[in-house]
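Notes follow the structure.
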Protein chains: 2
Amino acid sequence: MEISLFLIGLTPSDVGKLNRLVIPKKHAVKYLPLINEDQNEREEGEIVEDVEVVFYDRTMRQWKFRYCYWRSSQSFVFTSGWKRFVKEKNLKERDVIVFYTCDLEGQSNNFLMIDVHYYSEDDSVVTGKKVNESVHYSSEGQVKTQNFVNSKLKQDEAKPVEENKGGFMLFGVKIQ
Amino acid sequence: MEISLFLIGLTPSDVGKLNRLVIPKKHAVKYLPLINEDQNEREEGEIVEDVEVVFYDRTMRQWKFRYCYWRSSQSFVFTSGWKRFVKEKNLKERDVIVFYTCDLEGQSNNFLMIDVHYYSEDDSVVTGKKVNESVHYSSEGQVKTQNFVNSKLKQDEAKPVEENKGGFMLFGVKIQ
DNA sequence: GAGACCACCTGGAAT
DNA sequence: CATTCCAGGTGGTCT
């Protein structure tokens, strides 16, 4: 089954000329590989300065991003590879990307997935908060956009979808 | 006594969002600390990439600027600290900043001073030249703005004020 | 040469 | 209050 890890609502900068995606720290430290955030960390811990992370989209196309920490702004970012993703997925501000881990019934071939949810005026949006914090969906498990909305994902919270006996859900489709 | 080193007439960019002040090269190389202008300069010459320069205004408030060379535009600039100066002095384009060195009668406590001359329509301006090159004053030693105009400073030229026996001039005021 | 990438910087907002 | 975070920037390097 797939487990939704976190969502990111895209800012103008995320899809603009800066060619980077800022990963909110709370998600970065929780779900992404450990990277060196500390100036004087040079121990055996195998903590590295940056790392290549690999995701798959719904078509199982592979996407690689350089994931690193910018000390000066104390922020976690995807750099290399992000621009291509934005262009080929035609991402715009307020679109939402969703990160999943795909756990295939105890098999060892877990992998990470990435998918996009294009912004629509129809989606209800919590007002008065910035994009990153205002993501939620009003539908009851209804597939609204690209056949891909997990119901009741609210307020940028990661929330596993419920398990289905005898199969698993992948991008809103039940696999037997 | 104080010695006027040079003037800079502020451009829109100097007071805008670029957060930098371009120092005309002729003044930078003549009056400011040597910084590394050359790609392959790595010798013992103690020439550094950038430097913090310290000035004092008429109230003896200290102002620090990062002074560095931008290879891409081949220009000498103040960066860090400049924006705060612009904001707190409420500088606008065509205002003029004046750099002084303050030489206290052979004492070793020389220091650099910075002051502002706010633009006024009354000031006659040489036409047809850009702001940086068109600075001059029409008054005959008359203090016009903020009690601070040194007379006959023309065409962006550095020109020492005449010495006064028994004291020195500081921001247009004779110190005994 | 233009664009992508890289390691920095900054101000405002949130905490 | 001070500190952290991060959206929006920068110049420089490489391709």
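Note that the structure is a prediction, hence the values are computed from the model and not measured. Here is the naming used below: chain letters follow the sequence lines, and residue numbers restart at 1 for every chain.
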**OP:** Could you check how far CD of Glu52(A) sits from P of dC5(C), rounded to whole Å?
**Re:** 13 Å
Original post:
What nucleic acid atoms does Trp70(A) come within less than 4.0 Å of, heavy atoms only: base, sugar-phosphate, or nothing?
Top reply: base
Original post:
Out of Lys92(B), Glu93(B), Arg94(B), which one pairs with Tyr119(B) under the side chain to side chain donor-acceptor pair (under 3.5 Å) rule?
Top reply: Arg94(B)
Subject >> Results of salt bridge (charged side-chain N to carboxylate O under 4.0 Å, His left out) for Glu88(A) - residues two or more places apart only >> reply: Arg61(A)
Original post:
How is Arg20(A) classified with respect to the nucleic acid when contacts are heavy atoms under 4.0 Å: base, sugar-phosphate, or nothing?
Top reply: base
Original post:
Nearest nucleotide by nearest heavy atom, which residue falls closer to the 5' end of DNA chain C, Lys87(B) or Leu18(A)?
Top reply: Leu18(A)
**OP:** Applying ring-ring contact (aromatic ring centres under 6.0 Å, His included), name anything that partners Phe99(B), two or more places apart in sequence or on another chain.
**Re:** Phe6(B), Phe55(B)
Original post:
Quick check: are there more than 12 heavy atoms from other residues, nucleotides or ligands sitting under 6.0 Å from CD of Gln62(B)?
Top reply: yes
**OP:** Ignoring backbone atoms, test whether Thr11(A) places a side-chain nitrogen or oxygen under 4.0 Å from the OP1 or OP2 oxygen of dG8(D).
**Re:** yes
**OP:** Rounded to the nearest angstrom, tell me the gap between atom CD1 in Ile8(A) and atom P in dC6(D).
**Re:** 10 Å
**OP:** Return the value, rounded to whole Å, for the distance between atom CG of Asn19(B) and atom C1' of dG9(D).
**Re:** 9 Å
**OP:** Report the distance from atom CD1 of Ile23(A) to atom C1' of dC5(D), rounded to the nearest whole Å.
**Re:** 14 Å
Original post:
Starting at CZ of Phe85(A) and ending at P of dC5(C), how long is that distance when rounded to a whole Å?
Top reply: 15 Å
Original post:
Under the 3.5 angstrom rule, does the side chain of Asp57(B) hit a backbone N or O of Asp115(B) as a donor-acceptor pair?
Top reply: no
Original post:
Quick one: which of dC6(D), dT13(D), dT10(D) gets closest to the side chain of Arg71(B)?
Top reply: dT13(D)
**OP:** To the nearest Å, give me how far apart CZ (Arg66(A)) and P (dA4(C)) are.
**Re:** 17 Å
**OP:** May I have the distance from Leu21(A) (atom CG) to dG8(D) (atom P), rounded to whole angstrom?
**Re:** 12 Å
Subject >> Within residues 72-82 of chain A, residues whose heavy atoms come under 4.0 Å of DNA chain C >> reply: Ser72(A), Ser73(A), Thr79(A), Ser80(A), Gly81(A)
Original post:
So which one's nearest nucleotide on DNA chain D is more toward 5', Lys25(A) or Ser13(A)?
Top reply: Lys25(A)
Subject >> Proximity to the side chain of Lys83(A) - top-ranked nucleotide from dA7(C), dC5(C), dC6(D) >> reply: dC5(C)
**OP:** Give Lys17(A) one of three labels, base, sugar-phosphate or nothing, depending on what nucleic acid heavy atoms sit under 4.0 Å from its own.
**Re:** nothing
**OP:** Nearest whole angstrom, please: distance from the P of dA4(C) to the CZ of Arg84(A).
**Re:** 10 Å
Original post:
Donor-acceptor pair, Trp63(B) side chain versus Arg84(B) backbone, under 3.5 Å?
Top reply: no
Subject >> Any donor-acceptor pair under 3.5 Å from Asp50(A) side chain to Tyr67(A) backbone >> reply: no
